[in-house]
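Below: one structure, written as structure tokens.
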Amino acid sequence: MSKYAEPNLTGGIDDALVSTATSVPAFPVMLLFFIFCLIMIGGSMNQKRKTGTADVPFWGILASIATSMTALLMTLGEGMINSITLGVVFSMTLIFSVWFFLSKIRGEQ
Amino acid sequence: MGHLKFVISLIMITLFSMALIGFGINFARDNNADITISEDALFNNTKDALGGNVTVFYGDINTSSQALAEATISTQTEASEGGTTIKVGPKTALQTTIIVIKNSFERIFGSDSEFSIFFTGFITILSFMGIMYIAKAWFGRTPD
């Protein structure tokens, strides 16, 4: 016996995503977190490997902007994301922007 | 580090915040999104407050730069006696950054007093930096 309702793919991928998000409420949050970590960790580690230093504030704001854009796309249909998650994503972007712009006081690296 | 860079960084934080929130609101309006950032009163208040503070900053800098342009320096007077332009920049710009940080922290951590200490500590550090930059620039050294 399945523990959750299986998504119905006949209605399209958007219906499948919404039904998955309804069955597993943490799914949109995990997806956004995955996108954020992928860009931030992957980018900073790649830069460190190539240049020796990692500009973490830069990759943080880049990842948070990408996460914000993905969250905005999720708002087009009802059921994928709620306003609280969207607010937290935007707040994270603003905090990373504070870190990024204040880190540039030391000059370009 | 420098006085100019510090003020410019604070203003860039404000402009980026206004641009991001404005983009989110307009994206939702253009695409008839079901969930919109404008439903969140906190972000609406943040956008309005930032716009108001930027207007105040513009007015303050305009006034002080006008006074500086009309000022004269006699042979026996030391330069930058008032230092209004030097002082008003970080003070006003810091207000806008405080709004951004405060509302972002409140959205993530809530209004509990346990987490407000991080906000208090961070704002104290920024204020200290602003005061030191003002003192450094006003006492005759070249702001960079």
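Quick note on labels: first sequence line is chain A, next is B, and so on, each numbered from 1.
- Under a cut-off of 6.0 angstrom, the local environment of CD1 in Ile84(A) is sparse, with at most 12 non-hydrogen atoms contributed by other residues, nucleotides or ligands.
- Of the two parts of Thr36(B), only the backbone, made up of N, CA, C and O, holds a non-hydrogen atom closer than 4.5 Å to a non-hydrogen atom of chain A.
- Across Val98(A), Thr75(A), Leu86(A), Val88(A), the residue that shares the most heavy-atom pairs under 4.5 angstrom with chain B is Thr75(A).
- For a residue to count as touching a neighbouring chain, one of its non-hydrogen atoms must lie under 4.5 Å from one of that chain's; by this rule Leu42(B) does not touch chain A.
- Met92(A) touches chain B through backbone and side chain together, each having a heavy atom under 4.5 Å away.
- Ranked by heavy-atom pairs under 4.5 Å with chain A, the first of Asp40(B), Val100(B), Ile37(B) is Ile37(B).
- Counting heavy atoms from C-beta on, the side chains of Leu73(A) and Phe27(B) come closer than 4.5 Å.
- A 6.0 Å sphere centred on CD of Glu39(B) holds more than 12 heavy atoms belonging to other residues, nucleotides or ligands.
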Decide side-chain contact (heavy atoms from CB on, under 4.5 Å) for Leu10(B) and Phe101(A); before the verdict, give the C-alpha distance in whole Å, the side-chain angles of both, and the deciding distance to 0.1 Å.
CA-CA 7 Å; Leu10(B) 296 179; Phe101(A) 285 114; over 6 Å; no
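- For the pair Ser91(A) (side chain) and Ile108(B) (backbone), a donor-acceptor distance under 3.5 Å is absent.
- Cluster membership check: Ile65(A) shares its hydrophobic cluster with Phe23(B), using side-chain heavy-atom separations under 4.5 Å among Ile, Leu, Val, Met, Phe, Trp and Tyr.
- Using a 4.5 Å cut-off between non-hydrogen atoms, no part of residues 27-34 of chain A approaches chain B.
- The closest side-chain heavy-atom distance from Ile13(B) to Phe100(A) is not below 4.5 Å.
- For the atom pair CZ of Phe90(A) and CG of Leu20(B), the computed distance is 5.0 Å after rounding to the nearest 0.5 Å.
- Looking at Ile95(A) and Phe122(B), their side chains never come closer than 4.5 Å, going by heavy atoms from C-beta outward.
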